Amino acid sequence: MIKACIFDLDGTLANTLESMAYVANEILEKLKLTPQPVENFKYYSGEGADMLIRRCLKDAGDPELMHYEECRSLYREKFDADPLYKVVPYDGIMETLKELKNRGMKLAVCSNKPHVAAVKVIAQMFDGYFDLVIGQSDAIRRKPAPDGPLKAAQEFGVTPSECMYVGDTKTDMETGNAAKMHTVGALWGFRDRRELESNGAEVIAEKPQDLLKICEEWKND
């Protein structure tokens, strides 16, 4: 039986693509580097803000990462100040979260987004839905290390096998499997079915509402 659902944030709960691109490109322009297409950020993201900056800088004309520390500092500063610019929840996600809570499910967020920004996004966009938010910090290794999901399971008093981990990238599938949880690939997010399945997705959800059916199926196994 599934007793807890643990969600990635960017590309799973909320579409943050334009938000990430806007902040990063504003910094690139300030540094006299080349702004990057919004679609590129689907692949820059997934392994934390620091990796996003590295990938972005290389494509923007700084392969040696000479501007890395300055860009990293500015990116965190801007996101900590306003992490909600152009961020929108995916269609159907609110209704799905509400129904999961109605069924008595514990809900958590485990994100590689900096912790301060993750907490702000959840508090303002999903207030009252989540029992726990875990963002990137020095206290917990970033995904694909399973520290975050395992911490959530421990705090909820459930076993990893009673948890469903939902995410949209290779990193998320590796994270869920490392934590020995049921791993669901969110096809509405930033990556495609092939990436999710080839990296260990136990099942694919094409839309948020599919999560309700998946929970029911695992409940009856």
Side-chain angles (χ1 to χ4, degrees), residues 2-17 20 39-56 58-59 72 90 93 100 105-115 117-118 121-122 130 132-156 158-208 210-211 214-215 217-218 221:
I2 302 299
K3 297 181 179 178
C5 291
I6 302 168
F7 291 83
D8 171 52
L9 177 49
D10 295 350
T12 302
L13 292 172
N15 188 342
T16 57
L17 203 59
M20 292 185 290
E39 284 295 300
N40 284 19
F41 286 83
K42 286 185 176 179
Y43 300 94
Y44 295 157
S45 67
E47 295 177 69
D50 293 352
M51 183 60 74
L52 181 148
I53 294 301
R54 290 189 183 98
R55 290 167 174 161
C56 190
K58 287 179 181 179
D59 284 355
R72 175 180 182 269
Y90 283 104
I93 200 72
L100 288 170
M105 201 78 65
K106 287 286 189 179
L107 302 180
V109 173
C110 181
S111 174
N112 274 343
K113 183 185 286 295
H115 184 72
V121 170
I122 296 303
F130 288 96
L132 180 66
V133 179
I134 301 171
Q136 184 179 350
S137 70
D138 293 336
I140 292 182
R141 292 180 299 168
R142 66 177 175 84
K143 299 182 295 184
D147 302 28
L150 290 175
K151 175 180 172 62
Q154 182 180 31
E155 291 206 12
F156 292 159
V158 300
T159 65
S161 64
E162 293 172 324
C163 297
M164 180 168 76
Y165 183 87
V166 185
D168 69 303
T169 68
K170 168 182 181 287
T171 299
D172 290 311
M173 300 305 96
E174 292 173 344
T175 302
N177 283 309
K180 300 190 184 306
M181 294 178 176
H182 295 284
T183 307
V184 181
L187 200 57
W188 60 86
F190 295 164
R191 308 289 174 81
D192 59 21
R193 181 184 291 270
R194 181 178 180 182
E195 175 173 324
L196 296 169
E197 290 182 338
S198 63
N199 286 282
E202 188 172 345
V203 66
I204 299 293
E206 295 187 357
K207 57 186 184 301
D210 291 345
L211 299 177
I214 291 167
C215 281
E217 290 174 349
W218 280 334
D221 280 351

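Source: prediction; values computed, not measured. We use all heavy atoms of the structure for the numbers below, so side chains are in, but hydrogens, waters and symmetry mates are not.
Here Phe190 pairs with nothing under the ring-ring contact (aromatic ring centres under 6.0 Å, His included) rule; sequence neighbours left out. For Asn15, there are no side chain to side chain donor-acceptor pair (under 3.5 Å) partners two or more places apart in sequence or in a different chain. In this structure, Arg142 has no salt bridge (charged side-chain N to carboxylate O under 4.0 Å, His left out) partners at least two apart in sequence or on a different chain. Residues forming a side-chain contact (heavy atoms from CB on, under 4.5 Å) with Asp192 (at least two apart in sequence, or on another chain): Arg194, Glu195. Applying the salt bridge (charged side-chain N to carboxylate O under 4.0 Å, His left out) criterion to Lys106, with sequence neighbours excluded, gives no partner residue. Residues satisfying the ring-ring contact (aromatic ring centres under 6.0 Å, His included) criterion with His115, sequence neighbours excluded, are absent altogether. Scanning for side chain to side chain donor-acceptor pair (under 3.5 Å) contacts around Gln154 gives an empty result, with sequence neighbours left out. A search for salt bridge (charged side-chain N to carboxylate O under 4.0 Å, His left out) contacts involving Arg193 returns Glu197, Glu206, not counting sequence neighbours. Residues satisfying the side chain to side chain donor-acceptor pair (under 3.5 Å) test with Asp10, not counting sequence neighbours, are Thr16, Lys113. Scored by the side chain to side chain donor-acceptor pair (under 3.5 Å) test, Ser137 finds no partners at all (sequence neighbours excluded). The salt bridge (charged side-chain N to carboxylate O under 4.0 Å, His left out) check on Lys143 picks up Asp8, Asp172, with sequence neighbours excluded.
Separation of atoms CD1 (Ile6) and OG1 (Thr175) is listed at 10.5 Å; rounding is to 0.5 Å. Here Leu187 contributes atom CG and Ile204 contributes atom CD1; the two are 6.5 Å apart, rounded to the nearest 0.5 Å. Rounded to the nearest 0.5 Å, atoms CD1 (Ile2) and CD (Glu217) are 11.5 Å apart. Note that CE of Met105 and NZ of Lys3 are 11.0 Å apart. Values are rounded to the nearest 0.5 Å. Atom CD of Glu155 is separated from atom CG of Leu132 by 5.0 Å, given to the nearest 0.5 angstrom. The NZ atom of Lys151 sits 10.5 Å away from atom CZ of Phe156, with the distance rounded to the nearest 0.5 Å.
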Between Leu211 and Phe7, is the side chain to side chain contact (heavy atoms under 4.5 Å, CB included) condition met? List the steps.
CA-CA 11 Å; Leu211 299 177; Phe7 291 83; 3.6 Å; yes

Verdict with reasoning, Asp168 to Trp188, per side chain to side chain contact (heavy atoms under 4.5 Å, CB included):
CA-CA 8 Å; Asp168 69 303; Trp188 60 86; over 6 Å; no

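Here the closest heavy-atom approach between residue Leu100 and residue Cys215 is recorded as CD2-SG, 4.0 Å. Here the closest heavy-atom approach between residue Cys163 and residue Ala153 is recorded as SG-CB, 3.9 Å. Smallest separation of non-hydrogen atoms from Leu196 and Gly167: CD2-O, 4.2 Å. The shortest non-hydrogen separation linking Met173 to Ala201 is SD-CB, 3.5 Å. Of all heavy-atom pairs spanning Tyr165 and Cys110, the tightest one is OH-O, 3.8 Å. Closest heavy-atom contact between Val158 and Ala4: CG2-CB, 4.2 Å.
Under a 3.5 Å cut-off, the side chain of Arg191 and the backbone N or O of Lys42 do form a donor-acceptor pair.
Contact check for Leu13 versus Phe130: side-chain heavy atoms found under the 4.5 Å cut-off. Within the 4.5 Å cutoff, the side chain of Trp218 has heavy atoms near those of the Val184 side chain. In this structure, Glu47 and Arg55 have side chains that are in contact, with non-hydrogen atoms separated by less than 4.5 Å. A heavy-atom distance below 4.5 Å is found between the side chains of Met20 and Leu17.
Pairs passing the salt bridge (Lys or Arg N to Asp or Glu O under 4.0 Å) check and including a residue from residues 176-185, sequence neighbours excluded, do not occur.
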